Amino acid sequence: MTLRLTNTLTRRVEEFTPIEPGKVSIYCCGVTVYDLCHLGHARSYIAWDVLRRHLRWSGYAVTFVQNYTDIDDKILNRASEEGSSMDAVSERNIEAFVADMGRLNILPADRMPRATRSLDAIRTLISELEAKGAAYSADGDVYFAVMKHAGYGKLSGRDLEQQQDNAAGRVATAEEARKQHPFDFALWKGAKPGETSFPSPWGQGRPGWHIECSAMVREELGDTIDIHLGGADLVFPHHENEIAQSEAATGKELAHYWLHNGMVNVGGQKMSKSLGNFTTIRALLDSGVSPMTLRLFTLQAHYRKPLDFTAEALEAAATGWKGLNAALGLAAVGTANPEWPAALADARTRFAAAMDDDLNTSAALAVLFELAKPLRGLANRIERGDDSASDELQQDGHQQQLALLLELAEVVGLKHEAQASADGLDDAAIEAQIEARKAAKAAKDFAAADRIRDELKAQGIELIDKPGGLTEWLRS
RNA sequence: GGCGGCAUGGCCAAGUGGUAAGGCAGAGGAUUGCAAAUCCUUUACCCCCAGUUCGAAUCUGGGUGCCGCCUCCA
């Protein structure tokens with residue numbers, strides 16, 4: 001079976017055929033680095049990470065490029081608010097981005113170009129568009145002329161004729177007045193005195209948002225790439241404009257496949273900075289939600305659908321992850337026999353088929369849970385000190401099952417998490433409490449025993465009674 | 001107003017013509033001083049109406065509700 005993907009360009013699920021057999025070039029729209037990333041970014045980049053891992057698992061050599069937008073009004077505003085510079089704000093948020101993505105087990109892109117370091121490519125592209133009559137300058141700005149480009153609107157299904165009336169109402173600003181058509185957009189913005197700016201043939205200024213992606217795609221991957229990624233909120237105008245610019249300049253199709261992920265919603269509404277209803281990745285992870293729980297949470301829904309972020313759903317994911325995590329934490333011994341027995345071969349096939357079906361991670365995860373189930377039972381028995389369970393785990397069948405589980409979990413980027421590191425009470429204090437509880441139990445003073453357990457639980461320490469009077473504890 | 005998407009059990013969510021995956025929660029049982037964990041068992045006719053079909057959650061038409069984009073946004 002071959003990979004099938006929903007292509008926004010055609011609004012259909014299509015079989016994926018790369019330009020060059022065995023190779024895939026991907027460009028993913030990155031973040032504007034004016035602030036920390038929130039769960040919307042996490043959802044998006046986890047989805048694309050899974051696409052990338054799946055392609056790799058399927059045998060493709062993947063080149064994955066993701067940009068940083070480090071020239072932007074919001075960054076400049078932030079810099080002036082805190083009395084620092086655009087570079088300082090960008091640098092800080094890029095570091096945070098790398099750290100957050102790392103925690104979520106998202107593979108770093110092969111190359112991460114920045115707008116500030118791609119200015120030559122940007123200026124060259126604008127010049128070409130100007131030479132071809134696709135762009136015009138007005139008062140230090142340079143605009144792309146949408147009416148000159150035949151295919152404008154093909155991605156988002158917009159028709160310029162029909163849209164003009166609606167747009168007319170907002171032709172109020174000075175910028176709108178300079179435009180020949182309301183949908184024309186800035187390729188280069190002239191700088192006002194005192195603004196951070198860069199030199200260009202059109203005077204000091206800075207590039208518009210859309211042109212940087214066109215320039216970086218071309219510089220890093222060429223005129224035509226296989227897959228272009230981004231959030232559904234980028235379809236219009238960002239990606240539409242990117243297509244117009246690139247295709248007007250090169251005369252070639254920019255990308256064969258356009259994939260868009262659905263939004264993360266809060267209370268039925270899109271999570272966004274402007275609405276202020278966002279939770280940053282690090283705030284969530286620092287609150288005790290494990291990275292893999294967040295990953296599982298996002299992968300339980302299809303990447304194109306909206307995903308409602310609720311405490312309840314997150315809790316469900318956390319509990320679900322506990323089970324998978326227990327199985328993934330088992331010790332693999334040596335190399336398992338790669339000749340899968342029929343049942344495992346079948347599971348592997350079903351997993352691959354689900355992933356090939358437009359990244360049906362929800363169905364793929366069901367296979368993971370199925371594989372994990374018996375292993376989870378073993379893990380539990382081993383934890384109780386059941387030696388026969390340890391022996392069973394060594395057997396070829398279980399080792400194979402574990403090997404397959406680990407292999408497939410890797411494809412969706414799930415990996416075992418060790419117990420959370422200690423904080424709060426030190427071990428000796430906990431052990432002392434456990435001894436006290438043991439004494440209470442021996443004296444049949446169960447009320448006292450329960451009180452100790454409850455107190456520890458309130459401090460995040462969970463006690464688990466084992467056979468033989470042993471009590472283990474976990475930080476939860 | 002224009003473009004696009006979605007509606008499946010208490011919650012999340014797969015499933016594009018053949019009789020409803022999976023996770024969470026709940027219930028019953030085993031185990032336990034009680035818990036926790038674990039194991040076993042168990043819980044749906046798929047928003048409404050009409051139609052196509054031997055047969056529809058799945059196709060068609062109509063309706064209702066919700067969301068995204070049209071301004072920066074993953």
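Every chain is numbered from 1 and lettered A, B, ... according to where its sequence line falls, protein lines coming before strand lines. On a predicted model such as this, the values are computed, not experimentally measured, just so you know.
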Between [options], which nucleotide gets closest to the side-chain atoms of [X]?
{"X": "A:V31", "options": "B:C24, B:C67, B:A74", "answer": "B:A74"}
{"X": "A:F183", "options": "B:C70, B:A74, B:C72", "answer": "B:C70"}
{"X": "A:N261", "options": "B:U38, B:A74, B:C11", "answer": "B:A74"}
{"X": "A:N380", "options": "B:C70, B:U38, B:G15", "answer": "B:U38"}
{"X": "A:K441", "options": "B:A74, B:G33, B:G15", "answer": "B:G33"}
{"X": "A:S362", "options": "B:A13, B:C39, B:A74", "answer": "B:A13"}

Quick one: is B:C24 close enough that its OP1 or OP2 comes under 4.0 Å of any side-chain N or O from A:K322?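 Negative; the distance criterion is not met.
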Roughly how many Å is it from [atom1] in [X] to [atom2] in [N], rounded to a whole number?
{"X": "A:F185", "N": "B:C72", "atom1": "CZ", "atom2": "P", "value": "11 Å"}
{"X": "A:H239", "N": "B:C69", "atom1": "NE2", "atom2": "C1'", "value": "13 Å"}
{"X": "A:H302", "N": "B:A13", "atom1": "NE2", "atom2": "C1'", "value": "12 Å"}
{"X": "A:D72", "N": "B:C72", "atom1": "CG", "atom2": "C1'", "value": "7 Å"}
{"X": "A:L314", "N": "B:A25", "atom1": "CG", "atom2": "P", "value": "14 Å"}
{"X": "A:Q269", "N": "B:G68", "atom1": "CD", "atom2": "C1'", "value": "11 Å"}
{"X": "A:L299", "N": "B:A14", "atom1": "CG", "atom2": "P", "value": "12 Å"}
{"X": "A:R295", "N": "B:A74", "atom1": "CZ", "atom2": "P", "value": "19 Å"}

Verify the neighbour count for atom CZ of A:R12: are there more than 12 heavy atoms of other residues, nucleotides or ligands below 6.0 Å? no
Pick base, sugar-phosphate or nothing for [X], based on heavy-atom distances below 4.0 Å to the nucleic acid.
{"X": "A:F297", "answer": "nothing"}
{"X": "A:A232", "answer": "nothing"}
{"X": "A:G323", "answer": "nothing"}

Say we look at [N] and [M]: how far apart would their [atom1] atoms be, to the nearest angstrom?
{"N": "B:U41", "M": "B:C24", "atom1": "P", "result": "15 Å"}
{"N": "B:G22", "M": "B:G18", "atom1": "C1'", "result": "22 Å"}
{"N": "B:C47", "M": "B:A56", "atom1": "P", "result": "15 Å"}
{"N": "B:U19", "M": "B:A57", "atom1": "P", "result": "11 Å"}
{"N": "B:C59", "M": "B:G5", "atom1": "P", "result": "13 Å"}
{"N": "B:C46", "M": "B:G9", "atom1": "C1'", "result": "9 Å"}

Side chain to side chain donor-acceptor pair (under 3.5 Å) for A:E14 and A:H256? Distances and angles first, verdict last. CA-CA 11 Å; A:E14 297 176 346; A:H256 287 329; over 6 Å; no
Do the ring planes of A:Y257 and A:F16 sit parallel (below 30°), tilted (30 to 60°) or perpendicular (above 60°)? tilted
Fit a plane to each ring of A:H54 and A:W57, take the angle between them on a 0 to 90° scale, and name the class: parallel (under 30°), tilted (30 to 60°) or perpendicular (over 60°).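 A:H54 and A:W57: tilted rings.
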N/O to N/O distances under 3.5 Å, protein versus nucleotides 5-9 of chain B:
{"residue": "B:A7", "atom": "OP1", "partner": "A:K305", "partner atom": "NZ", "Å": "3.2"}

Hey, is A:E247 close enough to A:K154 for a salt bridge, meaning N to O under 4.0 Å? yes
Flag the pair A:R206 / A:D73 as yes when at least one side-chain heavy-atom distance between them is below 4.5 Å, and no otherwise.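 A:R206 reaches A:D73 side chain to side chain.
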With rounding to the nearest 0.5 angstrom, report the CG to CG distance, A:L344 to A:L405.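 Answer for the CG-CG pair, A:L344 versus A:L405, is 10.5 Å.
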